[in-house]
2 protein chains.
Amino acid sequence: MTDTKQKILDPAERVFAQQGYAATSLRQIIAQAGVNLAAIHYHFGSKEELLDGVLLRKVTQMNDRRLGLLAAHEAEAGAGRLEVEKVLDAFLTPIVEMVGEHPDFVRLMGRLMAESELPEAVLKYFQPILDRFTAALTRALPDLPPAELAWRMQFVMGAVAQTICGSAVWTPEHTSPAGLRGRIRSLAPFLAAGLSAPPPATRED
Amino acid sequence: MTDTKQKILDPAERVFAQQGYAATSLRQIIAQAGVNLAAIHYHFGSKEELLDGVLLRKVTQMNDRRLGLLAAHEAEAGAGRLEVEKVLDAFLTPIVEMVGEHPDFVRLMGRLMAESELPEAVLKYFQPILDRFTAALTRALPDLPPAELAWRMQFVMGAVAQTICGSAVWTPEHTSPAGLRGRIRSLAPFLAAGLSAPPPATRED
DNA sequence: GTCTATACTGAGATAGAC
DNA sequence: GTCTATCTCAGTATAGAC
């Protein structure tokens, strides 16, 4: 991999994380990277593929860690009941672990989860993880109807996204790594209680 | 108010709701409105102020309804304990009530809540409501530390936003008014359980 | 193979004729 | 009030230097 390609990725990650994908211009990135505009399109092809390149560097590490923790918790549970808290821990802990060394990457992940018009490049990394954790929660919450669980997964994703990157909007507090760790420690029991709540009375109307 | 100004607002609301604020171009709106590009800037000043004009038409109605329901529930509770479910009902019911007649407006509200780079014009309508409901929840959950409640409000906002507009991304299901009503009926018990969860053990690190 | 210079299309915004 | 023309800046594409 060329030096120029490497020089692009870090500034891209930083600016995408700070301003969001849509609000970031490639010209802002090249200004920080010290490369020519066309170099981005030569090495990556487009703005969206540049985002894909940024994600690809670390998303596999994060998702593998999630899957590893989840498998460990499942093995520990054995034939017994898998606790909701353990499943949430497997999802959230890798975020906490990475926020110290790669804060920009974590913020970018949060922003992307919240953006409505997110590119295809992002979804392909999230969907398998979502499916895997939905399956685990199905085991942890056997009495919850599958459709209800699917919705609750959305509630969880929304809350996680807002937790990672929404603070600048709704509260004056900034997104420091330490602050984010604290928020996620608060998020886990909130989500566990929500997921474990009895399903609403079914109505057909 | 001129005819031209009126002709712009409905298409703007529709296209903003369908594509999101950032992804929408003024040229898409004028194509549906049948007006000149400069007319938008003459009547509204900018793209952001056009969004403000769209919100202004209905956001007061929604927020007044929220405040009215909340006041009614508080009066009903009297000196007794205000239930978390009642506070959530006051926040969510106006969404359900409006989604039948004004589905585009509701979708737009959801999208804006989720967008990280949201304009100032939006925040000024949300912040007072957020403060008012935070105060009500302080009464409903007197044992919860204020900082913990502030974070949980963020979790709630994230889940609500994702519920209104996130389905197209995370699940194949579309955002029909009926489907949204069902999701919000599922959302309320989830959020009530989360808000009512015991606060996490305090740690200083 | 890499990278630069340049141009193309479409975005929001604005000045000025009518 | 309205519309034409134009400005700046965005993402993108390509020809050609090295």
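The sequence lines fix the lettering, A, B, ..., with proteins before strands; numbering per chain opens at 1.
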S.K.: Which letter, B, S or -, goes with each nucleotide of nucleotides 3-8 of chain C from 5' to 3', with contact meaning a protein heavy atom under 4.0 Å?
M.R.: BBB---

S.K.: Using atom NZ of Lys47(B) as one end and atom C1' of dT14(C) as the other, report the distance to the nearest whole Å.
M.R.: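 Rounded to whole Å, this separation is 17 Å.
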
S.K.: Would you kindly give the CD1-to-C1' distance between Ile40(A) and dA10(D), to the nearest whole Å?
M.R.: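 Spelled out: CD1 on Ile40(A) to C1' on dA10(D) is 13 Å.
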
S.K.: Return the value, rounded to whole Å, for the distance between atom CZ of Phe44(B) and atom P of dT14(C).
M.R.: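 These atoms are roughly 16 Å apart.
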
S.K.: Sequence neighbours excluded, which residues qualify as side-chain hydrogen bond (donor to acceptor under 3.5 Å, both in side chains) partners of Glu49(B)?
M.R.: Ser46(B)

S.K.: Which residue pairs pass the ring-ring contact (aromatic ring centres under 6.0 Å, His included) test when at least one of the two sits in residues 89-114 of chain B, sequence neighbours left out?
M.R.: Phe91(B)-Phe133(B)

S.K.: Report the residues that fulfil side-chain hydrogen bond (donor to acceptor under 3.5 Å, both in side chains) with Glu74(B), sequence neighbours left out, ordered by chain and then residue number.
M.R.: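 Residues passing side-chain hydrogen bond (donor to acceptor under 3.5 Å, both in side chains) with Glu74(B): Arg132(B).
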
S.K.: Strictly by salt bridge (Lys or Arg N to Asp or Glu O under 4.0 Å), give each pair with a member in residues 82-103 of chain B just once, sequence neighbours left out.
M.R.: Arg65(B)-Glu97(B)

S.K.: Distance only, no hydrogens: is a donor on one side chain within 3.5 Å (strictly under) of an acceptor on the other, for Asn36(B) and Tyr42(B)?
M.R.: no

S.K.: Give every residue pair that meets the salt bridge (Lys or Arg N to Asp or Glu O under 4.0 Å) criterion with at least one member in residues 150-163 of chain A, sequence neighbours excluded.
M.R.: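 Applying salt bridge (Lys or Arg N to Asp or Glu O under 4.0 Å) to every pair that reaches into residues 150-163 of chain A, excluding sequence neighbours, yields Glu148(A)-Arg152(A).
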
S.K.: OP1 or OP2 of dA13(D) versus the side-chain N and O atoms of His41(A): is any pair under 4.0 Å?
M.R.: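 Checking dA13(D) against His41(A), no side-chain N or O comes under 4.0 Å of OP1 or OP2.
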
S.K.: Rounded to whole angstroms, how far apart are CD on Gln6(A) and C1' on dT2(C)?
M.R.: 16 Å

